[in-house]
Amino acid sequence: ATLLEQAEQQRNIALAAFGQSRARRDVARAQARDLETYRDDYSARWNGQFQRGAALEVLRSYHQFAARLELAISQQAHALAVCEQALVRANDVLAAHELRVASVRKLIERRRHEQRQGLERREQRADDEGQVLGRGVDPLIVGRRDDLGVAASEEAPREIGDFIAH
């Protein structure tokens with residue numbers, strides 16, 4: 001797999017983990033809301049009963065159940081807080097993987113741009129050489145300088161025999 005594919009795969013795993021964390025948080029939030037709604041309904045129903053009078057044993061049972069219900073609400077609030085913290089961590093991990101994917105894509109784009117530029121330079125060089133060759137000029141001589149820094153002329157001899165003949 002390519003570097004981009006690996007980064008995307010890791011990002012997809014982090015995205016799935018984030019989705020699972022969000023789902024767990026949503027379930028915990030719904031359970032907390034349901035418990036609070038049940039407590040409010042239970043209190044309202046029994047408060048109406050108590051205004052008409054109730055036996056001491058019924059009152060004691062009500063308070064015991066209400067205490068257990070408050071404990072359950074407290075525990076669910078803690079579970080919700082844990083789920084929210086896990087969601088924040090999963091979001092941070094996902095953001096890091098998203099950044100990694102974006103960085104790899106940027107690197108790939110930069111490399112492709114450099115390759116295009118290199119290809120364009122080679123094509124330009126080939127065009128320039130083609131134009132020079134089309135005029136009958138040796139591209140190895142044009143633009144070269146001798147050891148003293150003097151430009152070689154187009155009429156410069158190309159072989160040792162040319163030196164002797166002059």
Side-chain angles (χ1 to χ4, degrees), residues 1-41 68-166:
T2 67
L3 183 61
L4 179 59
E5 289 170 341
Q6 289 174 350
E8 287 174 338
Q9 183 180 32
Q10 291 171 345
R11 187 257 340 256
N12 292 344
I13 291 169
L15 182 59
F18 175 79
Q20 292 169 350
S21 289
R22 184 171 43 201
R24 281 192 293 275
R25 188 269 328 256
D26 292 346
V27 166
R29 183 181 286 164
Q31 288 175 341
R33 223 178 5 253
D34 290 347
L35 283 170
E36 290 169 354
T37 300
Y38 183 77
R39 176 199 55 203
D40 295 343
D41 291 347
R68 285 195 302 271
L69 192 54
E70 286 299 326
L71 178 62
I73 289 170
S74 173
Q75 289 172 339
Q76 189 60 35
H78 176 72
L80 177 58
V82 168
C83 287
E84 287 176 341
Q85 290 170 355
L87 182 61
V88 167
R89 285 190 306 275
N91 186 54
D92 292 345
V93 169
L94 177 59
H97 285 290
E98 287 286 358
L99 181 61
R100 173 85 171 133
V101 168
S103 297
V104 169
R105 283 187 177 142
K106 185 71 174 175
L107 176 64
I108 289 169
E109 183 55 37
R110 191 176 314 127
R111 295 275 167 84
R112 285 181 180 157
H113 180 71
E114 289 170 358
Q115 287 176 342
R116 280 192 302 271
Q117 284 181 326
L119 179 61
E120 289 170 3
R121 282 192 298 271
R122 285 189 299 277
E123 288 173 352
Q124 183 63 45
R125 195 174 310 124
D127 288 346
D128 293 346
E129 288 175 1
Q131 290 174 0
V132 168
L133 289 175
R135 290 184 290 174
V137 177
D138 188 344
L140 296 176
I141 295 178
V142 174
R144 282 195 355 210
R145 300 192 173 271
D146 64 15
D147 291 338
L148 299 175
V150 177
S153 69
E154 292 182 12
E155 282 77 23
R158 289 190 241 159
E159 299 202 9
I160 296 181
D162 293 339
F163 286 109
I164 298 172
H166 293 288

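Note that the coordinates shown come from a computational prediction; the quantities given were computed from them, not determined experimentally. Computed from heavy atoms alone, side chains included, the values below leave out hydrogens, waters and symmetry copies.
Screening Val93, Leu99, Val101 for a side-chain contact (heavy atoms from CB on, under 4.5 Å) with Arg11, the sole residue that qualifies is Val101. The only option from Gln31, Arg29, Arg24 that meets the side-chain contact (heavy atoms from CB on, under 4.5 Å) definition with Val27 turns out to be Gln31.
Taken to the nearest 0.5 Å, the CD atom of Glu36 stands 10.0 Å off from the CG atom of Leu69. Distance check: Leu15 CG to Gln20 CD gives 10.0 Å after rounding to the nearest 0.5 Å.
Looking at Ser74, its side chain never comes within 3.5 Å of a backbone N or O of Glu70 through a donor-acceptor pair.
Thr37 pairs by the side-chain contact (heavy atoms from CB on, under 4.5 Å) definition with Asp41, not counting sequence neighbours. Partners of Arg22 according to the side-chain contact (heavy atoms from CB on, under 4.5 Å) rule, which considers only residues two or more places apart in sequence or in another chain, are Phe18, Arg25, Asp26, Leu87. With sequence neighbours left out, the side-chain contact (heavy atoms from CB on, under 4.5 Å) criterion links Glu123 to Leu119.
Atom CZ of Arg116 has more than 12 heavy atoms from other residues, nucleotides or ligands within 6.0 Å. Other residues, nucleotides and ligands place more than 12 heavy atoms under 6.0 Å from the CZ atom of Arg39.
Nearest heavy-atom pair across Cys83 and Ala28 is SG-CB, 4.0 Å.
Contact of the Thr2 side chain with the Glu8 side chain is not registered, since no non-hydrogen atoms from C-beta on lie closer than 4.5 Å.
If you check the side chains of Gln124 and Asp128, you find a donor sitting under 3.5 Å from an acceptor. With hydrogens and angles left out, the side-chain atoms of His113 and Glu109 include no donor and acceptor closer than 3.5 Å.
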Derivation and outcome, side-chain contact (heavy atoms from CB on, under 4.5 Å), residues Leu107 and Arg111: CA-CA 6 Å; Leu107 176 64; Arg111 295 275 167 84; 3.8 Å; yes

